[in-house]
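See structure below.
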Amino acid sequence: MDHSQVRKLLSAYMDGELDLSSTEMVREHINQCEACTRYLESFHALDESVRSTKPEMPAEGYFEFFPQKLRARIRSEGKAPVRVGRLEVRLARIRIGTTAIVVLMAFGIGFLYGQREIIVPTPKLTPIPVVSKLAPEAPLLEAADEVTSTAKVTSRVEEEVANGSSIAGALEKEERGAEPPAAGLVGLRAKRFESVAEDRAVEAPAEPPVRAYRPDGLALSRKADKKGSPELTPATRYAQANVAQLDGDYSSAMDDYARVLKDSPGTDLASAAQYQMNMITAGPDTTASIETLEMAASIWKDYISQYPESRLIRPACGLYTKNLYLIARRTKSRSDATKALSAIKECSGLIKEKMPSDLKEKSEELKSYLRG
Amino acid sequence: MGPYEKASDDELIRLAKSGESKAFDALVTRYHRKVYGLALSMMRDHDAADDICQETFIRAYKAFGRFREGANFFTWIYRIAVNLSLNAIRNKKRLVPIDDLPETVGLVASAQEDCAERKELLDKVNETLEKMHPKYRTALLLRVNEGLSYAEISVVLGVPKGTVMSRISRAREILRSLVEE
């Protein structure tokens, strides 16, 4: 074999892709030929350089949430035929009522490099759903797979109850085992999700609003301040709040979110701000102002009174009562404690099942405080 | 997701086709890192890689009905990702010049190598890859970065194995001649 013949085969030889006889011939040649040996070594070195120019993979957090992000996107795009048992269901686009709200998943992970998405982790790095608009009676955005999974969830819950668990306890167990955003909503689905495979069109936003608000929002807001503009737009204020949240300045974030809610009520942006607020206030280290907590509670109270039959009634009640409870703990005022306790009682009636255990604990705590 | 972790690709595909969404999730979990790595390798940009990775699985999800059971899911999904990446490249998504890469890009350098020379080499390699015809670059990256065999690359690219061999060889020759100028 001469040099030119060998060099044509060196690449495949290096990759172990030659047949046995060609491999043997090339090996025999390079054992005796320094030039071809160096040629092969240069290929190895260049391969290593090619590998070196590849950007590093993102942090594991990106991959952890990727499947959920993908499902949310698949649902929002719709029109994928899925066979469910013997029933073929088309994932439909669902029509959104103008005055209704539903939870979508929107999350992201801040990347190490360059631009970071303002899809911000919560203090506990859990996904941040974005509240969008949906008629409360419309099915959640898991049309086709809900037909089978609803039946499964229902039978699991019924089994738990038969084994002595309370309904609320069984539902909470399901919630813990469910992936976000199902957590918090499985209980409702188990009881009410019978007719999800209906072909309704809902205009879900193509992308969660929070994705649109990148660091540019902060730059814009700073630019606006610098130019002496009296007011930030709700969008830039939302972006500013996102950045504050990312930086751990929850107080500023909450105040900005509350301002967004006040300035643009009933919009997707306001819904997203509301949810961000509640994700922050759900944590034990909230530094939100009383005014902000009151605004958050007020918004959920309005929702509960407008849509008492909504599938979101359980998480809505949870958030409403939690905000009031946090206010009572902060102010240590008897009237606030009484207000929180009344809200818990009211919500227990709405949920129509045994009181969830965390609400029960809060209720006991408030009663004990009021007695003492 | 316990029961799905041990299931084969064929079993997961069968379940996913019958509407078991967790089976599809399991497939995504199994392959999304590799798909992302491939897209990143080709696009050199995280945002683009993220878009392509998502789009790959969305297309796979929608085309499940056409996927022949027994075929290799891995090469099938890679093929979708490669095609999407090539389309994106054709739409003038540029590769990231070496200066824009983060400092955490791993550099293989021996203690004796001069860092400036190494950087210069990487600059040239990157520039050469950028200028290289996509058919050669894709074949090379699938082999070098993704570790695919020639047979797998042949399926992903939809060309004969001999063509894969000649494209990779040609890509290496191009790199060698330009880098060593």
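A quick note: this is a predicted structure, and the numbers were derived from the prediction, not measured. Letters A, B, ... mirror the listed sequences (proteins, then strands); counts begin at 1.
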Checklist line | Proximity breakdown for A:Leu10 and chain B, heavy-atom pairs closer than 4.5 Å | finding: neither
Checklist line | Minimum heavy-atom distance between B:Leu122 and A:Ser49, given as atom pair plus value | finding: CD2-O, 3.7 Å
Check: Which residue, A:Arg38, A:His3, A:Glu28, forms the side chain to side chain contact (heavy atoms under 4.5 Å, CB included) with A:Cys33?
Finding: A:His3
Margin query: Report, in residue-number order, which members of residues 142-150 of chain B are under 4.5 Å from chain A by heavy-atom distance.
Written below: B:Arg143, B:Val144, B:Asn145, B:Glu146, B:Ser149, B:Tyr150
Note to self: On a heavy-atom basis, which atom in B:Phe67 and which in B:Lys17 lie closest, and how many Å separate them?
What the structure shows: O-NZ, 2.8 Å
Next item on the list: Measure up the B:Trp76 and B:Phe73 rings against each other and bin them: parallel (under 30°), tilted (30 to 60°), perpendicular (over 60°).
Entry: tilted
Note to self: Using every non-hydrogen atom in the two residues, find where B:Ala39 and B:Ser85 come nearest and quote the distance to one decimal.
What the structure shows: CA-OG, 4.1 Å
Next item on the list: State, without any angle test, whether A:Asp2 and A:Ser4 hold a side-chain donor-acceptor pair at a distance under 3.5 Å.
Entry: yes
Notebook entry, point to check: With a 4.5 angstrom heavy-atom cut-off, which part of B:Leu121 approaches chain A: side chain, backbone, both or neither?
Noted result: side chain
Check: Can a cation-pi geometry be assigned to B:Arg176 and A:Tyr39, taking NZ or CZ under 6.0 Å from the six-membered ring centre and within 45° of the ring axis?
Finding: yes
